[in-house]
Visitor: 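Mind looking over this structure? Questions follow.
In each ligand, atom 1 is the first atom listed, and ligand 1 is the first ligand listed. Heads up: numbering here begins at 1 and tracks the sequence. Just so it is clear, the structure is predicted and the values come from calculations on it, not from any experiment.
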Amino acid sequence: MVATVGNHPLDNIEDVKDFYDAINRRHLTKALTPERPYTYWTIELYDKKNGIRGGGGLGVLAADTRRVAEQSSVPFVLITPFYPEEPHQHYEKSGDSFKNYTTHEKVDYTKYGYDFLNTVNIKANDTIVNLDVIEKNLGSTKIICITEPGFGELYSGESGSDHRLYQEVSLGFGGYLALKLAGLKPAIMQLNEVATFFAALARLDELTTNGMDFYEAVVYTRKHTLYTNHTLVQAAEAEFTYDQFNRFVFPNLKSPAVRKWLSDKFENGRIRLSTVTIEIAELRSGVSKLHARVANYRDLAGNKVKFRAITNGIDIPTWTAPGIVNYLSTKGIIDKFALPAEDYKEKVQAISANDIRTLKQKGRTELNTVLEHRPNQYGNYIKIPEDALLFQFKRRFVDYKRPWLAFTRPETLKRILEKHNAYFIFCGRVHEGDERMSRQLERLLKLVDADPFLRERVHYLPDYDEELGRALSIGANISINNPIVGLEACGTSWMKDIINLGLLVSTHDGGVADCPADSYLSISGETESEELDSLYARMEEAASAWENDFDLEFFIKKELENYLPIISGTRMLKDYLDYLF
Ligand SMILES: *Cc1c(COP(=O)(O)O)cnc(C)c1O
């Protein structure tokens, strides 16, 4: 029998047991209880349905991890700030140039179904700050937020600034108090990047203050803390000064021993949170096989830190067209937990080009519905013809992801689009204050504007968010992912494209490199010029595949055979649980 996937929490005990059997952890119900849950700490959550807009992959991952836990009935609490403001990006053409501006909107948590619990206090810069604690229950999971009107936006201020430290300290110390207020004890603390370090520090401080021997408390905290790293280079991380810690961190510590321990970790009056996070977390993970291997981190003794590879996954029901989820489960390819069935590789063989085309047609209609309220760079509303091919590039507009790459040889791009009756949509927000990337984007928009054909076929959609991300994965045929090899930790956007039966053209990097390079349309080359030859050749190949049933089936099956287990967020949660317990 085929059950629907993920539309409702599993409330039936047989289902829950099945899941635990499936993940081979029969004792898990004992390890995790509603009062002693898995706790997940993150400075960024990308979950607009629950009122919080993130910046990128880190936040999307946090939201997906919680959703998967909810569908699997795992007791799970996510602790994060609620930002009372969020930025929105706009584009307008004025004269010859494109005016890029940001508006800042207020966000009110009462509109998103949170309950106010109480306030907690932390000390910051010689004042006592009151933080509101709010909570929202979602099946076996909860989101607990701490907030106050002066919190500002996610990532406001420079990294290493007082304001960032204030946000991080609020999340750690305030969030730890919030947990207690909610009557919860963490069974495990997962730190989604080092900005959440202070949560583990707050725990160490509490254990020590409550009479546990300091070294025992360190061992206990270490054994129950998992640090998930998403960054490659330790040196790139911002530092804080002793003076900043004196104003924001030390006043929140009660234990002299913990204060001494932390003071000793400064070098020349400065500290990087990764060094202390490594000290306080015995469990450490990276977000793809390649990333775990190459992330270059040293502990205080100078030894290279080993990271367990737990490749990111996505919550399949959230990011996949419902018709496709239904199709994959009816064909027995995924089970009711959105895990690949044991024999999924055989079952994938039953996918036909005809089915792919029918499902993608529906996806195109859905995309066009979203495009009715999402203008392009001219402020115009576009519609992609049902019979046209669509390429898409959607990711944060940052250097290493090379959003400009496909525009390097405009004549080649034009020829491909003309030959295959194709359109190209790209999106991605420039980080506020990133002048270089802002100019880069303007250059691309001018390049498109200067050519009547490109102007009709190439569209930039401002204010990239979850809605656009999902709609493009569902409604486009070919996605382009071309980070400089070695710089993408995992990426999850490409997973959304594969699960929605799109063809992936990508460099061999991040989580894509978990499988061999012939699993998708791989961009290769030693130099950027060689990579460009390869990119355009792969775009041609992908476009031709959509014109040929045999090739289309071949590539789609190959992608699913290789990547389905990786894509499954349930598999990711299972990997975390296996590692933790
Ligand atoms: C999926 C998604 C991401 C993750 O993108 P990667 O660049 O692949 O890490 C970021 N932002 C949004 C809005 C998304 O939907």
Side-chain angles (χ1 to χ4, degrees), residues 42-68 86-89 154-155 192-193 228-232 286-288 290-291 310-321 366-367 370 374 392-403 405 425-431 437 460-476 479-500 502 504-514 520 563 566-569 572:
T42 183
I43 198 82
E44 178 182 337
L45 175 67
Y46 211 135
D47 188 357
K48 200 50 210 170
K49 221 168 113 191
N50 292 310
I52 306 178
R53 182 179 198 182
L58 190 79
V60 170
L61 176 73
D64 276 357
T65 307
R66 190 207 58 75
R67 291 183 190 115
V68 170
E86 67 182 31
H88 285 274
Q89 179 207 17
L154 168 69
Y155 303 142
N192 194 29
E193 263 304 344
T228 299
N229 172 288
H230 298 252
T231 322
L232 289 143
V287 291
S288 70
L290 180 64
H291 168 245
I310 298 181
T311 304
N312 290 342
I314 57 168
D315 180 43
I316 290 177
T318 295
W319 296 104
T320 314
E366 204 173 322
L367 168 63
V370 169
R374 300 296 303 250
Q392 52 107 341
F393 179 100
K394 51 160 169 42
R395 36 194 48 83
R396 282 181 305 122
F397 217 84
V398 290
D399 225 11
Y400 82 86
K401 290 181 189 265
R402 298 189 289 186
L405 202 63
I425 290 184
F426 69 114
C427 34
R429 279 190 290 161
V430 177
H431 187 64
M437 287 310 284
Y460 174 72
L461 304 176
D463 210 28
Y464 174 49
D465 61 3
E466 294 162 289
E467 182 187 46
L468 283 179
R470 181 176 183 276
L472 283 168
S473 289
I474 289 177
S479 65
I480 297 172
N481 176 48
N482 47 221
I484 297 173
V485 173
L487 296 187
E488 187 69 85
C490 179
T492 53
S493 199
W494 59 271
M495 298 183 186
K496 302 167 192 169
D497 305 327
I498 289 182
I499 196 71
N500 281 294
L504 175 68
V505 172
S506 176
T507 45
H508 201 58
D509 198 22
V512 173
D514 266 30
Y520 62 99
Y563 290 108
I566 293 164
I567 293 170
S568 168
M572 168 181 67

Visitor: Thr492 and Asn312: side-chain donor and acceptor closer than 3.5 Å?
Guide: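 Asn312 and Thr492 do not have a side-chain donor-acceptor pair below 3.5 Å.
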Visitor: Answer with yes or no whether the side chains of Asn481 and Glu488 bring together a donor and an acceptor at under 3.5 Å.
Guide: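 There is no such pair between these side chains.
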Visitor: Looking at the rings of Tyr563 and Trp494, which for Trp means the six-membered one, are their centres under 6.0 Å apart?
Guide: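 Yes, close enough.
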Visitor: I need the minimum non-hydrogen distance between Val398 and Met437, along with the two atoms involved.
Guide: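 Smallest heavy-atom distance, with atoms named: C-CE, 3.6 Å.
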Visitor: Using distance alone, with no hydrogens and no angle criterion, decide if His291 and Asn229 have a side-chain donor and acceptor under 3.5 Å apart.
Guide: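 Looking only at side-chain atoms, Asn229 and His291 do form a donor-acceptor pair, the distance falling under 3.5 Å.
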Visitor: With atom 6 (P) of ligand 1 as the reference point, say which of Lys401, Arg396, His230 has the nearest heavy atom.
Guide: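 Result: the heavy atom closest to atom 6 (P) of ligand 1 is in Lys401.
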Visitor: Does Trp319 have a non-hydrogen atom less than 4.0 Å from ligand 1?
Guide: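 Right, Trp319 reaches ligand 1.
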Visitor: Considering only heavy atoms of Arg395, which atoms of ligand 1 have at least one such atom less than 4.0 Å away?
Guide: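 Going through ligand 1 atom by atom, the ones under 4.0 Å from Arg395 are 7 (O).
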Visitor: Please compare Arg429, Lys496, Arg53 and report which has the shortest non-hydrogen distance to atom 15 (O) of ligand 1.
Guide: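 Closest candidate by heavy-atom distance is Lys496.
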Visitor: Starting from atom 5 (O) of ligand 1, find the nearest protein heavy-atom neighbour and note its residue, name and distance.
Guide: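 Going atom by atom, the protein heavy atom closest to atom 5 (O) of ligand 1 ends up being Ser493 CB, 3.8 Å.
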Visitor: Of all the non-hydrogen atoms in the protein, which one sits nearest to atom 11 (N) of ligand 1, and at what distance?
Guide: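 Going by distance alone, atom 11 (N) of ligand 1 is nearest to Tyr464 CE2, 3.6 Å.
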Visitor: Only one of Tyr460, Tyr464, Phe393 forms a ring-ring contact (aromatic ring centres under 6.0 Å, His included) with Phe426, so which one is it?
Guide: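 When Tyr460, Tyr464, Phe393 are each tested with Phe426, the ring-ring contact (aromatic ring centres under 6.0 Å, His included) holds only for Tyr460.
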Visitor: Judged on heavy-atom distance to atom 10 (C) of ligand 1, which of Gly428, Gly56, Ser473 sits nearest?
Guide: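 Residue with the shortest heavy-atom distance to the ligand atom: Gly56.
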Visitor: Would you call Glu86-Lys48 a salt bridge at under 4.0 Å N-O?
Guide: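 Judged by the 4.0 Å cut-off on N to carboxylate O distance, Glu86 and Lys48 do form a salt bridge.
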Visitor: Could you check which of Val398, Leu468, Thr492, Asp465 puts a non-hydrogen atom nearest to atom 4 (C) of ligand 1?
Guide: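 Checking each option, the heavy atom nearest atom 4 (C) of ligand 1 is found in Thr492.
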Visitor: Counting each atom of ligand 1 from 1 as listed, which ones have a heavy atom of Tyr46 under 4.0 Å away?
Guide: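 Counting atoms of ligand 1 from 1, those under 4.0 Å from Tyr46 are 13 (C).
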